[in-house]
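Here's the structure, in structure tokens; my notes come after.
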Amino acid sequence: MAAQSIPIPPTNSGKAPRWTQPVSFYGQSVFSKYYAQSICVFLLLVPFLISPTAAQGQGAIGGQNCVTNYDAAANVDYFPSKITVDDAALFKVRYANNYKVVTNTYKGNKDYVLYQCGTTPPATSEFANGTIFVSVPVKAVASLTTTSVAYIEMLGRRSALKVVDTEGLVSSPCVQLGLEKGEIVGLEDKNQTLRADQFKGADLVFGAAENGTETKSVSTSEVSDPGPLNRAEWLEFYSTFFNLEESAQKLTASINNNYNCFKDRANAKPTKPVVAWSSYVAPSIYNNNTATWMFSSAPYKQILTTDAGATLFNGTTKETFSNSAEFLADLKKVDVIIDETFTGSDMTSFLTSYQLTAANTADYKFLQNKAVFRQDGLVNPNDGRDWFGGAVAMADATLQDVIRATHPEVLPKDVKYNWLRNIAKENEPKQLLNSANCTTTDSSTPIPDRAITCSTMKVDDGKGSAANKAIAGSALTAIVGLLAAALVF
Ligand SMILES: *[C@@H]1O[C@H](CO)[C@@H](O)[C@H](O)[C@H]1NC(C)=O
Ligand SMILES: *[C@@H]1O[C@H](CO)[C@@H](O)[C@H](O)[C@H]1NC(C)=O
Ligand SMILES: *[C@@H]1O[C@H](CO)[C@@H](O)[C@H](O)[C@H]1NC(C)=O
Ligand SMILES: *[C@@H]1O[C@H](CO)[C@@H](O)[C@H](O)[C@H]1NC(C)=O
Ligand SMILES: *[C@@H]1O[C@H](CO)[C@@H](O)[C@H](O)[C@H]1NC(C)=O
Ligand SMILES: *[C@@H]1O[C@H](CO)[C@@H](O)[C@H](O)[C@H]1NC(C)=O
């Protein structure tokens with residue numbers, strides 16, 4: 001159960017997929033919390049069995065293998081690859097010879113002691129009550145959030161993913177396929193006995209503790225870490241549980257370099273368009289039955305905006321409006337809108353919800369500019385948005401999308417959108433991700449970052465687009481190659 005008081009989404013009649021519609025009356029922030037936190041929704045699902053995977057193989061140094069000849073006195077460093085936390089603000093890691101202490105500093109400095117499989121864990125008396133001890137690498141995990149799923153897949157550990165909650169909203173094609181085949185199961189919500197059974201097979205559960213998971217639940221806080229690069233670095237947090245520090249460090253270094261290159265290119269432009277991340281929330285019991293409009297200034301949106309060479313607009317006087325005229329007066333100052341409204345998906349519904357139907361187009365720069373973007377550019381068949389999955393981890397690709405809204409001239413002319421689609425210009429369609437889009441059955445293949453390589457991209461030179469496409473393709477290949485190399489043990 002989520003600790004915060006988040007409204008419980010309505011239930012349907014109990015058939016999977018549990019939702020066919022997004023929960024339209026919540027604000028974006030509520031909905032992203034919904035994705036990121038575990039929430040009890042009460043529906044019924046598939047029976048489930050995990051066969052706990054025994055650690056295979058032997059090896060003195062650990063890595064992916066259990067240690068078979070542990071001798072504490074020998075002073076062996078079982079974790080030669082260590083992460084250093086450079087950007088993330090909400091976790092830290094300390095290494096000892098045969099264990100590491102990972103701390104979530106956002107959730108009350110909660111410690112997780114990860115000891116190499118086959119070695120003797122340190123004494124519990126050395127740690128605070130409630131410290132979680134986990135033998136690593138873990139082989140079977142449950143994920144209560146769709147965001148965690150993206151991190152696990154980027155590390156190439158879909159093979160370890162056995163249970164997911166809110167599975168109807170998972171955007172990953174291969175996890176959708178795994179759910180169809182029964183290799184991964186959706187977490188039971190109604191039958192507490194079955195739910196507890198599902199947890200029994202997992203070495204650990206990413207998400208808040210509940211009955212039966214108190215000793216193996218790991219709170220993750222990537223969506224609370226303020227900046228895009230902070231959030232990307234949570235790849236390293238996840239990697240510690242799989243002993244994948246080396247590949248995670250390479251991956252985040254590559255994301256950071258690419259991100260900073262995009263940031264430099266966009267900020268070399270003298271103009272700073274004004275961007276609003278805004279939304280309409282229909283009247284409901286959650287907003288006192290009053291229609292509201294709002295500007296969001298969540299830190300990661302602020303940073304993405306400035307790093308995209310733009311200025312964040314969050315309201316001259318306030319962020320939340322119940323008076324549409326006041327909101328519209330502010331909107332006149334905005335060049336680019338990132339519309340976070342859950343209802344509707346096209347320009348007609350946008351104009352209606354913002355009460356712009358009768359507006360003089362000339363009064364609104366974003367209408368003149370044809371610059372209205374939505375975050376549902378990559379969705380599953382239930383409108384489960386990858387914006388809350390891949391976009392959280394792939395900071396460089398997310399910035400690329402924002403730059404496409406603020407300074408498209410910095411990018412190759414035909415660069416494809418990922419999450420942010422423009423509904424004002426060409427009504428760019430939602431790109432559907434379903435199980436048929438899973439192109440590899442190898443559950444150890446990391447899913448690639450969606451960014452193009454900034455340093456080698458060819459910005460439109462008037463000579464057409466084929467070259468740019470080739471570069472985008474090779475960037476993905478390069479990143480997959482990098483990870484593949486790092487994953488060879
Ligand atoms: C930790 O747990 C033990 C045993 O349950 C208890 O005696 C002790 O007071 C607890 N310590 C703290 C700091 O809560
Ligand atoms: C709940 O799940 C358990 C374990 O799978 C099963 O034995 C039991 O019949 C289920 N209860 C209901 C009411 O379906
Ligand atoms: C947790 O377990 C206890 C005892 O088994 C039970 O009384 C309680 O209702 C459970 N809570 C939830 C949320 O299932
Ligand atoms: C909700 O609306 C009622 C009636 O207009 C008002 O008295 C009340 O203060 C409002 N509550 C909030 C939290 O805005
Ligand atoms: C806009 O965001 C800044 C930074 O978070 C904040 O200090 C300011 O109060 C916000 N403006 C409004 C009108 O809320
Ligand atoms: C998913 O696969 C279909 C073909 O099965 C393809 O047309 C579509 O572009 C793919 N979607 C994405 C987002 O790659």
Side-chain angles (χ1 to χ4, degrees), residues 11 13-16 18 40-52 142 146 149-150 153-154 158 162-163 165 167 169-182 184-202 210-213 345 373-394 397-398 400-401 404 414-423 426-441 445-452 465 469-470 472-477 479-480:
T11 59
S13 59
K15 296 179 220 75
R18 54 189 64 190
C40 300
V41 278
F42 306 95
L43 290 171
L44 114 89
L45 279 169
V46 197
F48 161 74
L49 263 183
I50 289 176
S51 7
T146 55
V149 169
E153 278 203 292
M154 284 185 77
R158 190 172 68 250
K162 306 297 181 188
V163 187
D165 199 5
E167 67 282 359
L169 297 174
V170 169
S171 52
S172 156
C174 292
V175 174
Q176 291 180 58
L177 184 63
L179 284 160
E180 283 172 14
K181 289 171 148 181
I184 301 172
V185 299
L187 183 62
E188 168 64 25
D189 290 311
K190 267 188 177 161
N191 183 334
Q192 294 301 318
T193 313
L194 179 52
R195 186 179 176 97
D197 284 350
Q198 292 178 335
F199 284 133
K200 273 180 198 147
E210 58 178 273
N211 266 2
T213 69
S345 63
F373 293 80
R374 286 181 54 83
Q375 296 157 339
D376 51 7
L378 279 170
V379 293
N380 82 358
N382 304 322
D383 207 33
R385 296 179 187 181
D386 195 54
W387 176 255
F388 302 111
V392 183
M394 300 174 190
T398 308
Q400 175 191 313
D401 263 21
R404 195 172 167 274
D414 64 345
V415 74
K416 190 83 175 130
Y417 57 99
N418 293 301
W419 305 278
L420 297 182
R421 66 184 178 107
N422 191 340
I423 55 170
E426 290 154 13
N427 192 23
E428 292 170 341
K430 295 182 182 185
Q431 305 169 94
L432 185 66
L433 292 170
N434 62 29
S435 55
N437 293 91
C438 177
T439 51
T440 172
T441 50
T445 304
I447 57 162
D449 189 302
R450 291 183 172 275
I452 62 169
S465 55
K469 274 185 186 149
S474 64
L476 289 182
T477 315
I479 292 171
V480 176

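Only heavy atoms go into these numbers, but all of them, side chains included; no hydrogens, no water, no symmetry mates. Whatever order the structure lists ligands and atoms in, that order sets their numbers, starting from 1.
- When each of L433, I184, V175, N382 is checked for a side-chain contact (heavy atoms from CB on, under 4.5 Å) with V170, only V175 meets the rule.
- For atom 13 (C) of ligand 6, the closest non-hydrogen atom on the protein side is L433 CD2, 3.5 Å.
- The protein atom (non-hydrogen) at minimum distance from atom 10 (C) of ligand 6 is N437 ND2, 2.3 Å.
- Taking a cut-off of under 4.0 Å to the non-hydrogen atoms of Q431, the atoms of ligand 6 that pass are 13 (C).
- Remark: of the listed residues N191, T193, V185, V185 is the sole one forming a side-chain contact (heavy atoms from CB on, under 4.5 Å) with Q198.
- With hydrogens and angles disregarded, no donor-acceptor distance shorter than 3.5 Å links the side chain of E428 to the backbone of I423.
- Here the straight-line distance linking atom CZ of R450 with atom CE of M394 works out to 6.0 Å at 0.5 Å rounding.
- The nearest protein atom to atom 1 (C) of ligand 2, hydrogens excluded, is given as N191 ND2, 1.4 Å; this is a heavy-atom distance.
- Using a 4.5 Å heavy-atom threshold, the side chains of R404 and Y417 count as touching.
- Of the polar atoms of L432, at least one N or O is found under 3.5 Å from an N or O of ligand 6, judged by distance alone.
- Each of the atoms 13 (C) of ligand 6 lies under 4.0 Å from some heavy atom of L378.
- Looking only at protein heavy atoms, the nearest one to atom 4 (C) of ligand 2 is D197 OD2, 3.9 Å.
- Between the side chains of W419 and D386, at least one donor N or O lies within less than 3.5 Å of an accepting N or O.
- Within a 4.0 Å radius of atom 7 (O) of ligand 6, the protein contributes no non-hydrogen atoms.
- Inter-residue side-chain proximity for C174 and R158 is flagged as met; some heavy-atom pair is nearer than 4.5 Å.
- Atom 5 (O) of ligand 2 has as its closest protein heavy atom L194 CD1, 3.8 Å.
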